[in-house]
Each structure stands twice: as C-alpha cells, then as structure tokens.
> 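Below: one structure in structure tokens.
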Amino acid sequence: MIGGIAANNASGMCCGVSDNSYKTVESMKIVFADGAFLDTGDEESKRAFRNSHSELLNEIEKLAKETKNNEVLAERIRHKFKMKNTTGYSLNAFVDYSDPFDIINHIMIGSEGTLGFIAEITYRTVEDLPNKASALMIFPTIEDASNAVTILKNQDVSAVELIDRAGLRSAEDEKGMPLYLKDLSDTATAILVETRADNPETLNKNIDHILEAIKDITPEIPIEFTDKPSEYAVYWKIRKGLYPSVGAVRKLGTTVIIEDVAFPVSRLAEATLDLQALFKKHDYTEAVIFGHALDGNLHFVFTQNFDEQDQVNRYERFINDLVNLVVEKYDGALKAEHGTGRNMAPFVQKEWGKAVYVMMQKIKKIFDPNNLLNPGVIINDDKQAHLKNLKPLPVANELIDKCI
Ligand SMILES: Cc1cc2nc3c(=O)[nH]c(=O)nc-3n(C[C@H](O)[C@H](O)[C@H](O)COP(=O)(O)OP(=O)(O)OC[C@H]3O[C@@H](n4cnc5c(N)ncnc54)[C@H](O)[C@@H]3O)c2cc1C
C-alpha cells in the first residue's frame with residue numbers, strides 16, 4: 001500500500017511528523033496527466049523533463065518564490081505543518097525547498113493522485129530498534145491521561161496511543177484481554193505507550209525514566225511495562241482492533257466511518273471531551289475515539305446509515321459541528337494523516353482560508369490543467385460534495401454483511 005501511503009502522507013503510530021513520507025522521500029518516478037514521465041532520482045530524466053516541461057517548472061519556481069516572500073503566508077504554512085496535516089496539498093514543499101524537482105517530490109506526497117501517478121518511490125529508511133517494551137496505562141480521566149501524554153512527549157517513547165472508555169469497552173470481550181478492562185470506571189482512559197532501544201540496558205533505563213516522569217499522576221490500575229512480545233501483542237491488539245471492533249458490532253445496513261483530526265497536544269483533553277460531547281449531541285452512541293496522542297491526532301469511528309434522508313441530515317449536522325470545532329475552536333487539522341478525500345474537500349478553504357485555497361487551485365492547474373486526475377478530491381468547489389454520491393451498504397448476505 002505504499003502508493004496510498006505516499007499519496008496520503010499516511011503516518012500511523014510511530015513516525016509523527018519527523019519520519020513520515022514527506023520527510024523520508026528520496027525520489028520517485030511519476031507519470032503526469034499529459035503522459036509525461038519523470039524520475040526525480042535520475043539526472044538524465046530531469047534534463048529531459050526540463051526540456052519538455054520548462055513552463056511547469058518555471059511556474060513551480062515562481063509559486064515557491066511568491067510563497068517564501070509572503071512572510072505571513074510562509075509562517076502560517078510552517079506553523080500548520082508542525083502538526084500532522086493532510087488537509088489540502090503539502091504546501092510546506094513550497095517553503096522548505098527551492099529546487100523545482102525537490103518541490104515536485106514533496107508536493108506529490110499527500111496529493112492523493114490528483115497531481116500525477118507515483119509509479120515508484122524511494123524512501124530513506126529509519127532504524128527499527130530491536131528492544132521494545134509497552135505499557136497499557138489506565139488513568140481515571142481523560143485529563144490525567146492527557147497530562148501524562150504532555151510529559152511523555154519529552155521522554156524516550158516511540159508511540160503513545162490514546163484509547164477512550166468506549167474504545168476499551170469495545171475490546172473487553174475479545175479473547176486474552178486483561179480482565180480488569182470490564183471493571184474500569186466510566187471515565188477511564190488508556191494510553192498505550194511503547195519505548196524502544198538498541199540494547200536491553202537502555203530499554204530498562206527508558207522505562208525507569210518514563211515511570212519517574214509520570215509518578216505524580218495516579219493511574220487507575222498500577223502501571224507495568226512488559227518487554228515480552230506475547231504480552232505486549234495483547235495491548236497492541238486492542239489498539240489495532242478498534243476499527244474492526246466497531247465494524248463488528250455495527251447495525252446491519254450501516255457504514256463504518258473513520259475520521260482523522262488533529263488538535264494541539266496541549267489541548268488534547270479538552271478536545272477529546274468536546275468530541276465526546278458532539279457524539280452525544282448527535283446521538284452517535286457507539287462512537288469510539290483513539291489516536292496518536294503524541295501528535296494530537298485523534299481518530300474516531302462511528303456507524304452511519306446512508307439509506308434515509310434524515311440520517312444523512314444528521315450526518316451533515318455532525319460534520320458541520322465537527323468542522324467548526326476543529327477549525328474555529330482549536331485551529332487544528334481536519335485531516336491529519338488520511339488525506340483530504342471527498343469528505344473533507346468542501347472544507348479545505350474553511351481550514352486554510354481563501355488565499356491559500358487559491359494557491360492550492362493554482363497547484364492543481366499547473367499539474368493537471370484539464371482536471372483529469374481524481375477530480376473533486378482535495379479541490380472541490382461543491383460545498384455539498386460530502387453529502388453526494390454516498391454509498392449505502394444494504395443488507396445482502398450474512399457473509400458479506402460482516403465486511404466493513
Ligand atoms: C482500517 C484502516 C486503518 C488505517 N490506519 C491508518 C493509520 O493508522 N495511519 C494512517 O496514516 N493511515 C491509515 N489508513 C489509511 C491509509 O492511508 C491507507 O489505508 C493506505 O495508505 C491506502 O493505501 P492504498 O495503496 O490502498 O491506497 P488507496 O486507498 O487505493 O488510495 C488512497 C489515495 O491515494 C491515491 N493513490 C494510491 N496509489 C497512488 C499512486 N501510486 N500514485 C498516486 N496516487 C495514488 C488514490 O488515488 C487515493 O486518493 C488506514 C486505512 C484503513 C482502511
């Protein structure tokens with residue numbers, strides 16, 4: 001799934017904004033809308049492209065100069081990309097780089113197939129340290145868990161995943177789950193923490209430092225790290241199974257929706273509570289929240305019926321409230337790592353403002369003047385696009401109905 005990972009700047013649990021596709025891409029082979037081919041890792045290919053597509057390269061250089069010269073805009077872009085953000089195009093390419101081939105390499109990341117087809121990609125790999133330990137830390141409230149996340153940001157941790165009470169509940173009946181899951185308080189919140197090291201001694205030191213750092217926050221269950229793969233696999237099974245868990249218990253005929261927003265980490269507790277309140281307001285009782293807490297990146301999963309108009313109306317009201325919450329209250333990202341897609345395309349301008357949206361429209365035009373590639377994805381002037389062409393999931397057959 002490397003094509004989608006590059007095209008969405010998908011990042012997941014461990015890489016944050018430091019080791020994602022944008023940061024680790026070295027070069028790629030691209031097929032453009034007009035059929036032209038470019039290998040950004042090959043000097044001969046770049047020379048040929050310079051000859052055949054000088055106008056495209058000039059326009060990119062011009063846009064990069066304009067962006068850098070506009071200090072307010074450049075600063076806004078830098079600020080937004082300190083957080084995970086895949087709403088619209090990876091505009092940081094225009095402030096981080098000047099060479100048009102470097103810009104192409106990086107603007108393609110997160111472009112969701114709207115600027116060209118990535119036929120091959122070369123990444124700089126990162127080290128996967130061999131010694132790992134994880135702890136499922138259960139705190140009595142989301143505030144306690146979020147305070148722990150803030151402290152852990154300065155510790156040697158490779159992942160900190162938040163799971164809300166509803167998420168824990170959805171996993172409690174699975175085989176091999178810790179028995180205490182069933183007895184947690186109603187406000188309990190978990191963070192699943194992983195630390196890695198290149199030898200066992202450093203791993204133990206990391207664990208000691210982590211426990212010392214958070215010792216003033218009282219957990220609901222005593223905290224224990226384990227370096228046994230069979231034990232920590234159970235914790236990670238809870239986290240990785242959240243999406244299918246909700247899918248498994250969904251009402252027949254409903255679709256599982258997963259969303260992907262980011263908030264400033266310092267306001268994670270408040271934002272999670274606001275999200276939970278939104279679910280309550282719109283009666284999404286089965287919704288669960290989990291996510292990459294170190295990056296303020298929350299996913300939430302809920303089920304939605306698209307067969308009936310009043311259900312679609314409810315969905316519209318919910319999405320409108322969500323967009324206002326993320327953009328207006330938190331200046332967050334409507335999409336952190338899953339790409340804009342058609343669902344958030346109507347709201348790109350709302351998050352970035354008119355001037356930046358115009359810049360994104362310009363980028364699309366430079367690469368794909370006839371709007372051939374994935375039209376309506378990322379750039380979509382229809383403010384109702386997220387409510388059209390919805391795909392109902394009618395009851396079909398016991399075997400198929402389980403599919404999410
Ligand atoms: C259950 C589930 C869990 C997920 N968990 C995570 C997660 O934890 N973290 C995370 O970041 N993401 C996650 N994702 C989203 C993730 O980005 C995608 O699943 C994955 O990257 C899709 O890869 P794909 O090749 O199947 O792309 P597709 O789904 O086929 O395509 C995704 C987009 O990329 C474009 N695209 C695909 N290939 C190319 C190409 N070669 N050139 C140009 N454009 C291309 C498509 O046009 C489309 O717009 C999850 C998805 C699912 C379904």
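These figures come from a predicted structure and were not determined experimentally. First listed ligand is number 1; within each ligand, the first listed atom is number 1. All residue numbers refer to positions in the sequence shown, counting from 1.
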> His106: which residues meet the ring-ring contact (aromatic ring centres under 6.0 Å, His included) condition with it, sequence neighbours left out?
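Here the qualifying residues are Tyr22, Tyr97.
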
> Sort and list the pairs that fulfil ring pair (Phe, Tyr, Trp, His ring centres under 6.0 Å) and have at least one residue in residues 259-287, not counting sequence neighbours.
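Counting only pairs at least two positions apart or across chains, the ring pair (Phe, Tyr, Trp, His ring centres under 6.0 Å) contacts touching residues 259-287 are Phe263-Tyr330, Phe279-Phe300, Phe279-Phe318, His282-Phe318, Tyr284-Phe302, Tyr284-Phe318.
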
> Would you call Lys182 and Glu172 a side-chain contact if the rule is heavy atoms closer than 4.5 Å?
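With C-beta onward as the side chain, the pair touches.
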
> List for me each residue that meets ring-ring contact (aromatic ring centres under 6.0 Å, His included) alongside Phe49, sequence neighbours excluded, and say none if there are none.
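Result, ring-ring contact (aromatic ring centres under 6.0 Å, His included) vs Phe49: Phe32, His53.
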
> Short question: side chain of Asn380, backbone of Ala345 - any donor-acceptor pair under 3.5 Å?
no

> Identify all N/O pairs between ligand 1 and the protein with a separation under 3.5 Å and present them as a table of atom names and distances.
unit_1: ligand 1; atom_1: 9 (N); unit_2: Glu337; atom_2: OE2; d: 2.9
unit_1: ligand 1; atom_1: 11 (O); unit_2: Ser11; atom_2: N; d: 2.8
unit_1: ligand 1; atom_1: 11 (O); unit_2: Glu337; atom_2: O; d: 3.4
unit_1: ligand 1; atom_1: 11 (O); unit_2: Glu337; atom_2: OE1; d: 3.3
unit_1: ligand 1; atom_1: 11 (O); unit_2: Glu337; atom_2: OE2; d: 3.4
unit_1: ligand 1; atom_1: 12 (N); unit_2: His338; atom_2: NE2; d: 3.4
unit_1: ligand 1; atom_1: 17 (O); unit_2: Asn8; atom_2: ND2; d: 3.1
unit_1: ligand 1; atom_1: 21 (O); unit_2: Ile5; atom_2: N; d: 3.2
unit_1: ligand 1; atom_1: 25 (O); unit_2: Gly4; atom_2: N; d: 3.1
unit_1: ligand 1; atom_1: 41 (N); unit_2: Ile118; atom_2: O; d: 2.9
unit_1: ligand 1; atom_1: 42 (N); unit_2: Ile118; atom_2: N; d: 2.8
unit_1: ligand 1; atom_1: 44 (N); unit_2: Gly113; atom_2: N; d: 3.3
unit_1: ligand 1; atom_1: 47 (O); unit_2: Asn374; atom_2: ND2; d: 3.1
unit_1: ligand 1; atom_1: 49 (O); unit_2: Glu112; atom_2: O; d: 3.2

> Quick check, are the ring centers of Phe347 and His386 under 6.0 angstrom apart?
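They qualify: ring centres under 6.0 Å apart.
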
